[in-house]
Amino acid sequence: MNAPTRPIGTLQRLEPLTGAVIRPFTLTVCAVVLVYVLLRILLMAPEVRSPLSVVAAALAIVAATALLAWRASPLRSPIGPGVHAAVLALGLLAMVLAAASSWGANSVLRDDWAPVAIGLLSVAISPYRPPRELVAGAIVVAVFAGFLALLQAEATGTAVTRGVLVVIAATPILALSLGGAAFVGSVTAAVARARTDARRLEREHAAQRRAELAEAVRHERLRILAREVIPFYEEVLSRGELIDADRDRARGIADGIRGVMVAEVGRTWLDVMLAESGRSAVVRDPGRLAGAMSTEQRAALRAVLLVLLDRSGADALSVEVVPAGASVAVELRCTVDPADTALRPELTPFFAVLRFVFADLDVSFTPSLLTLRLRYDRP
Amino acid sequence: MALGLPAHLRTTTFGTAYVRAAHTIAAVCLAAAIVVVATRQASDDGIVIWPALFALAALAALLWNADRYGTVAAGVLYLLAGLPLVYAVAWFAMTWIPGIHAGDAFLLTMLRVALGLVAVPAFHLVPALLWCVAGLLAAEAAITLAALQTGMPLAFDWTGFTLVAAVVALFATMNRLHLALIPAEPRLHRAADQESLAASRTDLEARAAAVLHDTVLGRLASIAASRPGPLSPAEGRGMRRELDALVGDDWLDDTEPQAVLPTGGPLARAVEDARELGLEVGVSGDVAALASLASAAATALAQAVGQCLVNVERHAGVHRADVVVSAAPDALSVLVVDAGRGFRESEVAPDRLGLRHSVRRRIEAVGGSVRVWSAPGRGTSVAIRVPTDQTVST
């Protein structure tokens, strides 16, 4: 019962695998924004009164896209409301500067590029934020854009109805942002439905699977008992009396069983998994802290280990789990085949998942050595 | 546990989400067009563009129909009926609004986008693109016809083109992305499945160890300490019983008889709520004794158990908890047990009020008591005891 992590309904969080490949989407939309802004600035050049302002406006858009592209890496912490607010603020700044660059000269407000750019930026950020926040952000920015349009209209004295100008300024922002929010909302709802179905199926099969497992464990124990305990019991029962040798034998058998039990208690899921893989792997976890990982953390780390254990070139795997202040530090090292260029792209989606379920992730990938450092809260 | 969408659901999910996004954008554009027409009409009595509102409303209804049913027929209907409707709106606007090619051409952009984003669930790029092109062509044909009839100039619509192109680019990128994820998905689910099995296995092994400890190890220790001589009848019977039990097939049967909580009772609702959260909750023990509780005590007990189960779901890192009910002559005890991460109560952050407020205070308010046993890595057991004496509990 520690480190409360309430799930937030973002596409990135509900679908951690997308974290690895959502960045190209963000980069594509950012590129569309930059190309669009550049083209529109060139087309609007005759109306520009202050080139400095228009350059500053373009730089604000470049800064917003750069911030998004940088923070969208699966290895960085998830994009939070702060980045969302910063991107929208840079968009608003660009809108104000763009309006200032043609103040009093721009009679055709529908040619303003900033609302479309802000709407596209909102689409680019949509996989990282919950739909409600996207809608709220869009409404705030749209209101601001409408207000700015009214000020511009007063400055130019345009004959176009003021209400129409407000709609013109606000619509691209609302349309694109709400579109992005609808996309994310639709996918997150599907994920939620899939989870409910998966849990129902799991509940339905849980009893049967547990019975099968119980049978397997029982057989394993019987194997141990059949070696010494059962013959000993049968021997004593058939003899009907205890002899001197029975005492030593009983002590010896008990010591053996106790030894097996102690060894089992000292193993964590990590020891078991790597031991069962049959590969040369070393686990150093003196405090048995691997057992304190959550189910999701174990599953994500297992997935990475499954990829590594499947590679013939991935050798000398070692995992160290040590306390580090209030948290636990995990260091996974694995020598890899430098010629195996497919390994890194294959692992990338799982790094995104690790990034979500662990408090911290650091990946170092030299041609012959992969090092993963993870942290999670200590129970 | 689930770490995302299974591979087989990905294509349809992303395709459906694209359609929902496209239709939302189209709906906002139609709403903007309606506001523009209404504002224009309201601000100038000398023009007659209000009939365009009917055409826009009809277009909105057709869009709703296309979104609701998502069939090719609904998409085709939207395009075919949309053509004359867009023509009507454009004709009214071009006839009555002077200089429509300037600021008010926004209205035409909205119409182009609304028709251009006629998306039907198309899970591949080419059909999605074809629908967009068909929608844009239909809108362009209608607007061109209206312009030719009213003698208005035509101009390339940058904004409309960009909006539609951006939405299609989004779909194209997403389409590529989810395909890239398909190889990773099964591995992640395999890992999650293995993890679930490993957790069950650890639990069963611990149970098996306990059985061995209580039977065989105890017997062997007793033999090691005994003097040589004939087995007493009791010893013989005990050894035979253990042998039969160990060779038999039910010594690891952990399916404790599951109790059925009184339907509709507050505790049953609390357990059901926790199951809705995805927690597997096993209930056992003397559930009939719940009837002996006064309603205040029963409610407090249910709320406290509910909070304990929520805590397991949120913080324990496991997906199973057990609720064991036991009755004493003057009290009823409920034990909520999980095999999760555990904690030290003294180290629980002050802002974590669940255990203190929702559990302890509630129970103390009805004259009961709460005890918590937990240690890091060793799970948590919360024992809640409430009096069955109604004069105390109320």
Side-chain angles (χ1 to χ4, degrees), chain A residues 1-2 4 15-17 21 25 28 32 36 108 110 120 160-161 163-164 167-168 171 174-175 178-179 182-183 186-187 190-191 194-195 198-199 210 213-214 217-218 221 225 229 233 237 240-244 246-247 250-251 253-254 261 269 291-292 294-296 298-299 302-303 306 349 379, chain B residues 1-5 9 13 16-17 20-21 24-25 28-29 32 35-36 39-40 43 102-103 106 162 166 169 173 177 180-181 184 187-188 191-192 194-195 198 200-201 204-205 208-209 216-217 220 223-224 226 228-231 239 243 246 252 278 311 314-317 341-343 376-377:
Chain A
M1 288 198 185
N2 65 346
E15 258 283 72
L17 260 186
V21 285
F25 164 76
T28 305
V32 170
Y36 173 73
V108 190
R110 68 169 297 247
L120 287 172
V160 180
T161 316
V164 172
V167 174
I168 288 173
T171 301
L174 286 175
L178 298 193
F183 186 93
S186 179
V187 177
V191 173
R195 282 190 179 187
R199 279 172 181 153
R210 207 168 155 83
L213 261 183
V217 171
R218 192 179 73 87
R221 298 287 149 167
L225 296 173
V229 178
Y233 267 44
L237 283 171
E241 66 170 335
L242 288 172
I243 56 173
D244 250 350
D246 290 339
R247 296 164 60 178
R251 207 172 289 120
I253 295 171
M261 283 166 70
W269 67 272
S294 71
T295 314
E296 282 80 5
R298 292 179 198 192
R302 254 179 205 278
L306 281 175
Chain B
M1 63 158 290
L3 279 172
L5 272 177
L9 290 179
T13 298
T16 308
R20 184 51 50 86
T24 303
I25 295 171
V28 173
C29 290
V35 175
V36 166
T39 309
R40 264 301 189 157
S43 65
F106 168 80
T162 309
T173 317
L177 295 184
L181 286 175
R187 226 173 214 146
L188 190 61
Q194 280 188 5
E195 181 46 46
S200 286
R201 193 179 179 99
L204 285 165
E205 279 173 350
V216 176
L217 284 180
L220 291 172
I223 293 174
S226 302
L231 279 178
M239 287 181 76
L243 198 57
L246 292 174
L252 202 52
N311 284 348
R314 281 190 191 159
H315 309 299
R341 297 169 148 198
F343 68 107

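Any value given below was found using the heavy atoms of this structure, including those in side chains, with hydrogens, waters and symmetry copies removed. Within every chain, numbering begins at 1; the chains are lettered A, B, ... in the order of the sequence lines, protein sequences first and strands thereafter.
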How long is the straight-line distance from CG of Leu174(A) back to CD1 of Ile25(B), given to the nearest 0.5 Å? 11.5 Å
Can you sort out the partners of Ala198(B) under side chain to side chain contact (heavy atoms under 4.5 Å, CB included), two or more places apart, ordered by chain and number? Arg302(A)
Answer key: most heavy-atom pairs under 4.5 Å with chain A among Gly229(B), Pro230(B), Cys29(B), Ser43(B) is Gly229(B)
Of the non-hydrogen atoms in [X] and [Y], which two are nearest, and what is the gap between them?
| X | Y | value |
| --- | --- | --- |
| Ala250(A) | Leu220(B) | CB-O, 3.5 Å |
| Phe106(B) | Thr171(A) | CZ-OG1, 3.5 Å |
| Thr295(A) | Glu195(B) | O-CG, 3.8 Å |
| Gly179(A) | Ala21(B) | O-CB, 3.2 Å |
| Ala303(A) | Ala191(B) | N-CB, 3.5 Å |
| Ser186(A) | Ala17(B) | OG-CA, 3.4 Å |

Portion of Val229(A) that has a non-hydrogen atom of chain B nearer than 4.5 angstrom: side chain
Cut-off 4.5 Å, heavy atoms of chain B, and the answer for Leu120(A) is side chain
Any side-chain heavy atom of [X] sitting closer than 4.5 Å to one from [Y]?
| X | Y | result |
| --- | --- | --- |
| Arg251(A) | Ile223(B) | no |
| Arg20(B) | Phe183(A) | no |
| Glu241(A) | Leu231(B) | no |

Under 4.5 Å from a heavy atom of chain A, the part of Ser226(B) involved: both
